[in-house]
Amino acid sequence: MALSAAEVLSGLAEIVNDETGIANDAVQLDKSFTDDLDIDSISMMTIVVNAEDKFDVKIPDDEVKNLLTVGDAVNYITKAQG
Amino acid sequence: MAKLNQAETIAFSKIYSLGASRGDLTVTNDDIAGPINSSDEWIRQRTGIVTRMRASKDRSLMDMAVEASNEAIEKAGIKPAEIEAVIFSTITHPYQTPSAASLLAELVGANPAPAFDISAACAGYCYGIAQADSLVRSGTAKYVLVVGGEKLSDFVDPTDRSISFLLGDGAGAAIVGPSDSPGISKSVWGSDGSKWEAVGMTGSLLDFRDGIGSWPTLVQEGQSVFRWAVWEMVKVAKQALEVAGVKPEELAALVTHQANERIIDEMAKQLALPESVVVARDIVTTGNTSAASIPLAMHALLAEGRIKSGDLALQIGFGAGLAYGAQVVVVP
């Protein structure tokens, strides 16, 4: 069963926390991965792969560059769940 | 029908020895940070690299290959004339033809051994070991000299933020020959040309000749390569262990291509190796030397006494092509 956007946000925050140590509640929809959360390109890819596993979705390499904010990622994952 | 003789096969091969040669210049992060608008901290955090060894202008790829080969030949306790094949894995030999290997064979005293180059980039050394293993066990050659060598600094763009700042120069050599017991597991190797453009050159030599492009330098799509190098190569590493019949806890070392310490860290984490397994991190001081990186890293572990002769090591190379190769080997 597809998760809600809030559930995806919560799960994504756990993944970000695992990779970077950033507090879960700092991972908010309007935050930029690079500018606000200071996540580099390699950590971003680790987060993407872990999100694919956790949410059972595919996030192609070409799509990663479009995921600028946490909200972008939550929207993409929510829709990709079908 | 006339009788036809074929080569008599033998059961096992092994690596007899390793040799190593690095660039003569220690290049710090501060030395190269300016043109990429970066810093020592930024480079360390993203790559783990503190220094990379590069060769000065008058130190050629062949100079380093000969040094590494001579060490390996001497340590193997064989005469150069006993070498029956020379394989040189490189992407930076600056001539389309003749091969680097034929000149190397001449310079180390292995003339008239058959000699050829392999173009498999960072997988080149493992490709070379796969070839040497087959040549020895098929009875085609008794001793094979395998060299992975690069002078990558001839093909870097100081302003490139994708790969140039990772790169160093060096050569690693191995002698492969017959063995009484298994010394090289069946290779797990392959390629994925659908990702041909993920790592490579900025353009072709023809474009350069025609004034369409600049001098070709190395470039990569970092994120795509990272994903492939970790999550796809972990599958290859596990497969290599499986076909070798070796359990992770039986390994003494994991010697990956020294691409980027973040890749090495993530791969080691995904493989969940026991703490007893030494993870090679020669990249920290040598940089990424493509085909040379695995033999250089294994040579360093031996020199530091962190592994010993007879140990088992999983070696895995991966890079442009995309190409990959992995074996479990008995450390010489």
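Here is how names work: the chains are called A, B, and so on, in the same order as the sequence lines, proteins then strands, and each is numbered from 1. Here the structure is a predicted model, which is why all the values come from computation and not from measurement.
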- [ ] Measure the spacing between OG of A:S43 and CD of B:E266 and express it to the nearest 0.5 Å.
- [x] 8.5 Å
Open item on the list: Rounded to the nearest 0.5 Å, what separates atom CH2 in B:W228 from atom CE in A:M45?
Closed with: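 Reported to 0.5 Å precision, the distance equals 14.0 Å.
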For [X], does the [atom1] atom have more than 12 heavy-atom neighbours from other residues, nucleotides or ligands under 6.0 Å away?
{"X": "B:E197", "atom1": "CD", "result": "no"}
{"X": "A:D38", "atom1": "CG", "result": "no"}
{"X": "A:D56", "atom1": "CG", "result": "no"}
{"X": "B:E304", "atom1": "CD", "result": "yes"}
{"X": "A:N66", "atom1": "CG", "result": "yes"}

- [ ] May I ask you to test the B:R46-A:S41 pair for a side-chain heavy-atom distance under 4.5 Å?
- [x] no
Task: 4.5 Å side-chain heavy-atom contact, B:F226 and A:T46 - done: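 The answer is yes, as the side chains (C-beta and beyond) meet within the 4.5 Å cut-off.
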Task: Side chain, backbone, both or neither of B:R227 within contact of chain A (heavy atoms, under 4.5 Å) - done: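 Contact with chain A: backbone and side chain both.
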- [ ] Would you mind checking if B:E221 and A:K65 are paired as a salt bridge, meaning a charged N to carboxylate O distance below 4.0 Å?
- [x] no
Open item on the list: If we check side chain to side chain contact (heavy atoms under 4.5 Å, CB included) with B:Q223, which of these qualifies: A:D61, A:V48, A:I42, A:V64?
Closed with: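 It is A:V64; the other options fail the test.
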